[in-house]
Protein chains: 2
Amino acid sequence: MNIKEIAEIVGVSSATVSRVINNSGSVKEETRQKVLAAIEKYNYVPSQVARSLSTNDTSIIGVIIPDIENPFFSGVIRGISEVAEQNKYNIMFFGTNETPSIEHSYLQIALAERLKGVIITPISENDKHTRDMLIRLKQAGVPVVLVDRDISDVEIDGVFIDNKAGAYQGVNALIDEGHRKIGIIKGPSRSKPGRDRFLGYLKAMEDGELMVRDEYIAKGNFKIDMAYERTKELLSLDDPPTAIFTSNNFTTIGCLKALTELDLTIGKDISVIGFDEIQILKDIDYKLSVIERDAILQGREAMNILLARLEETERTDKYIKKILPHRIILRGSEKIRTTNNI
Amino acid sequence: MNIKEIAEIVGVSSATVSRVINNSGSVKEETRQKVLAAIEKYNYVPSQVARSLSTNDTSIIGVIIPDIENPFFSGVIRGISEVAEQNKYNIMFFGTNETPSIEHSYLQIALAERLKGVIITPISENDKHTRDMLIRLKQAGVPVVLVDRDISDVEIDGVFIDNKAGAYQGVNALIDEGHRKIGIIKGPSRSKPGRDRFLGYLKAMEDGELMVRDEYIAKGNFKIDMAYERTKELLSLDDPPTAIFTSNNFTTIGCLKALTELDLTIGKDISVIGFDEIQILKDIDYKLSVIERDAILQGREAMNILLARLEETERTDKYIKKILPHRIILRGSEKIRTTNNI
DNA sequence: CTTACAATTGTAAGCGGTTACAAAAGATAA
DNA sequence: TTATCTTTTGTAACCGCTTACAATTGTAAG
């Protein structure tokens, strides 16, 4: 069933049917009713794809995210989708699984699908291909908003937090507790948050006049398994750290898993502060200190920026890097009670 | 930049350009190269929307899910998106947030967007509007696959688990530990899993020759807050239950939150078995007994069924209700050590 | 050098809508 | 009644691609 068939049935032209569908132009009330009746009767649903082609406009925005299983990102998507729903936009979802080639092909698809806008957490800060594609999108008039991970050398809107400051506060809290041997499970250094959080660690160490020891710096990839292994390695050092800073929620979980296995209690045998709140642990009063931020808000804000871009008539050159708040929540895991280790 | 412009630049017809893009028909190698060069040079990306209109075919499948923040559903989406990616399908994501009217409008959009298929976890088992829309989709040749929640009176493929059996096992494990006063935080009864899990509870109680007490049956909605409140209510009864069965992951969390607040330890002061594994608790060796199932697998299987439907030439009438395995994992929280209560 | 057939390319009609413009029909005022 | 303005409706081009069919060119055999 298409518009022409409906038109024929009612005995009008397709232009008239189009008018009643879109509430545009003027249509006699009687005609309108007849058309609506036919649409209803035949369950006619206008093709959005034909419409898109004709108007050269879609209502679909692309959301490109590394890992939907990470609660932070599902929160972001939740925020995006709330605002999108309220504004009649639909979401095309892409999960890159931290794989650059997949990210690239999704960006290509965004171009091909003529998406209205793109919200992306890019895998890497310096991926040339990704950067080029994002520029092409912008040039094609498709606004792009970064979430959580910034990209260098390019003028793109985004919403982030101050990762360096957050990590600094976390590590600093450990130092305040008297720790001098502080390890870190890093995130991937190709990502801005991974690097910035590490920089925050370094800065805090420096300000605390503590030596940064290479063997205390564990390379991670924001994944549970890797953090688990690295933690075990850190603790099997001859002179292991007394405190560990973990770079994101999954890293924290992997770390806690290892500690649990080694029968070490946080806040007692060893100290831990992690980036990202872990909701369930809070609910069961598991005393983990964290750097917390609002994922849903971050998603909402990203979508709001996108909406603003879509509404602006003339392209403003000023681009927005919005920094959302974070806060440190100390629950005791930054402390330590063993006397022989510190 | 469109196909005609490329054609002009190269000095061929748009048909020829189309042929090289699609690797269809035959094109002289020399021509092909010239066309490819122009495409490359001008960064031409064929419009997927024009293509869709022309071929009357898209590669977009709709995924309609209640709550992306629930790890079970993000797992499902992960599974779907993996298989989709491998098969060159894209995902249009819709989060209903358990709101029927939103679900309805999303189904309408699925129709309008001419989606290739739909995977949905419907909010309710008996929503007439939703059922009608799903039937319309099927009639329009759009395969539909249900995930996790079945719908009554309609022949639609789906992948589920045996909720009743799962709940039965859980409650039964509690009974085996000697519990006679077992409460349940129900899920929403409009949903099949909510009802089935409750039925499993009833059956286990019946088989255990235990009295089902109304005040032990707490209505829930699969949300944390509600479960939290209900748990507190259960425990403030004059004769509170000694064990609680919780109907899904969020329900379990809400329950644990209340227990924590009341300073009750599971496996000691009170017993709990919950539906759904909670990964992080497992990692930190928090002894929670659960009914576990594989969310990613469920997503993969749903997408596989959809793919099969899309590939079948003639419409088979046999529809598939796939039941995936679940298993009970006892970690001690089904036990109780207080002597005065049981 | 034809002829016959295969390979290559072009023409033009869709796909299902929207919309500028023109035409027709009504309404109002003189 | 006529002229004028408004409202309603229709015509047809267009959005950017695909594809059936026709036309052209190339090639090998006769």
Side-chain angles (χ1 to χ4, degrees), chain A residues 1-39 42-60 108-116 140-142, chain B residues 1-39 42-60 108-116 140-142:
Chain A
M1 184 67 52
N2 61 32
I3 200 174
K4 222 171 272 178
E5 297 181 69
I6 292 289
E8 248 170 55
I9 288 165
V10 180
V12 295
S13 75
S14 65
T16 297
V17 176
S18 176
R19 289 191 191 98
V20 353
I21 290 172
N22 297 291
N23 255 293
S24 64
S26 73
V27 179
K28 213 206 306 185
E29 183 55 26
E30 189 192 333
T31 316
R32 167 188 312 284
Q33 291 308 331
K34 281 195 288 188
V35 170
L36 289 176
I39 287 175
Y42 294 94
N43 270 334
Y44 165 64
V45 181
S47 161
Q48 193 52 57
V49 9
R51 227 162 168 157
S52 291
L53 178 60
S54 184
T55 60
N56 187 28
D57 186 27
T58 62
S59 57
I60 306 176
Q108 183 74 20
I109 292 173
L111 237 18
E113 294 283 354
R114 303 292 193 261
L115 299 184
K116 197 68 189 288
V142 181
Chain B
M1 186 64 54
N2 61 34
I3 200 173
K4 221 172 276 178
E5 297 183 69
I6 292 290
E8 251 169 53
I9 288 166
V10 181
V12 296
S13 75
S14 63
T16 297
V17 176
S18 176
R19 288 190 192 99
V20 354
I21 291 171
N22 297 292
N23 255 294
S24 64
S26 75
V27 179
K28 212 205 306 186
E29 184 55 25
E30 189 192 333
T31 316
R32 167 187 313 283
Q33 291 308 331
K34 280 194 287 187
V35 170
L36 288 175
I39 287 176
Y42 293 94
N43 271 334
Y44 165 64
V45 181
S47 159
Q48 193 51 57
V49 10
R51 224 163 170 156
S52 291
L53 178 60
S54 184
T55 59
N56 188 27
D57 186 27
T58 63
S59 58
I60 307 175
Q108 183 74 20
I109 291 173
L111 236 19
E113 294 283 354
R114 304 293 193 260
L115 299 184
K116 198 68 190 289
V142 181

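Every heavy atom of this structure was used, including side-chain atoms; hydrogens, water molecules and symmetry mates were not.
- The CZ-P distance, from R19(B) to dT18(D), rounds to 11 Å in whole Å.
- Across dT18(D), dC17(D), dT8(D), the shortest atom-to-atom separation from the side chain of S18(B) is found for dT18(D).
- Considering every non-hydrogen atom in both V10(A) and A38(A), the closest pair reads CG2-CB, 3.5 Å.
- Remark: T31(A) is in phosphate contact with dT9(D), judged by side-chain N or O atoms under 4.0 Å from OP1 or OP2.
- Proximity of residues 44-58 of chain B to DNA chain C (heavy atom under 4.0 angstrom from any strand atom) is restricted to L53(B), S54(B).
- For N56(B), there are no side-chain hydrogen bond (donor to acceptor under 3.5 Å, both in side chains) partners two or more places apart in sequence or in a different chain.
- Residues satisfying the side-chain hydrogen bond (donor to acceptor under 3.5 Å, both in side chains) criterion with S54(A), sequence neighbours excluded, are absent altogether.
- Each end of the helix from dC1(C)-dG30(D) to dA30(C)-dT1(D) yields a helix axis from five base pairs, and these two axes differ in direction by 50° (to the nearest 10 degrees).
- For the pair N2(A) and I6(A), the minimum side-chain heavy-atom distance is 4.5 Å or more.
- When DNA chain C is scanned 5' to 3' for any atom under 4.0 Å from a heavy atom of chain A, the first and last hits are dG16(C) to dA20(C).
- Residues V27(B) and M1(A) both approach DNA chain C. Their nearest nucleotides, taken by heavy-atom distance, put V27(B) toward the 5′ side.
- Legend: residues meeting side-chain hydrogen bond (donor to acceptor under 3.5 Å, both in side chains) with N43(B), ordered by chain and number and at least two apart, are R136(A).
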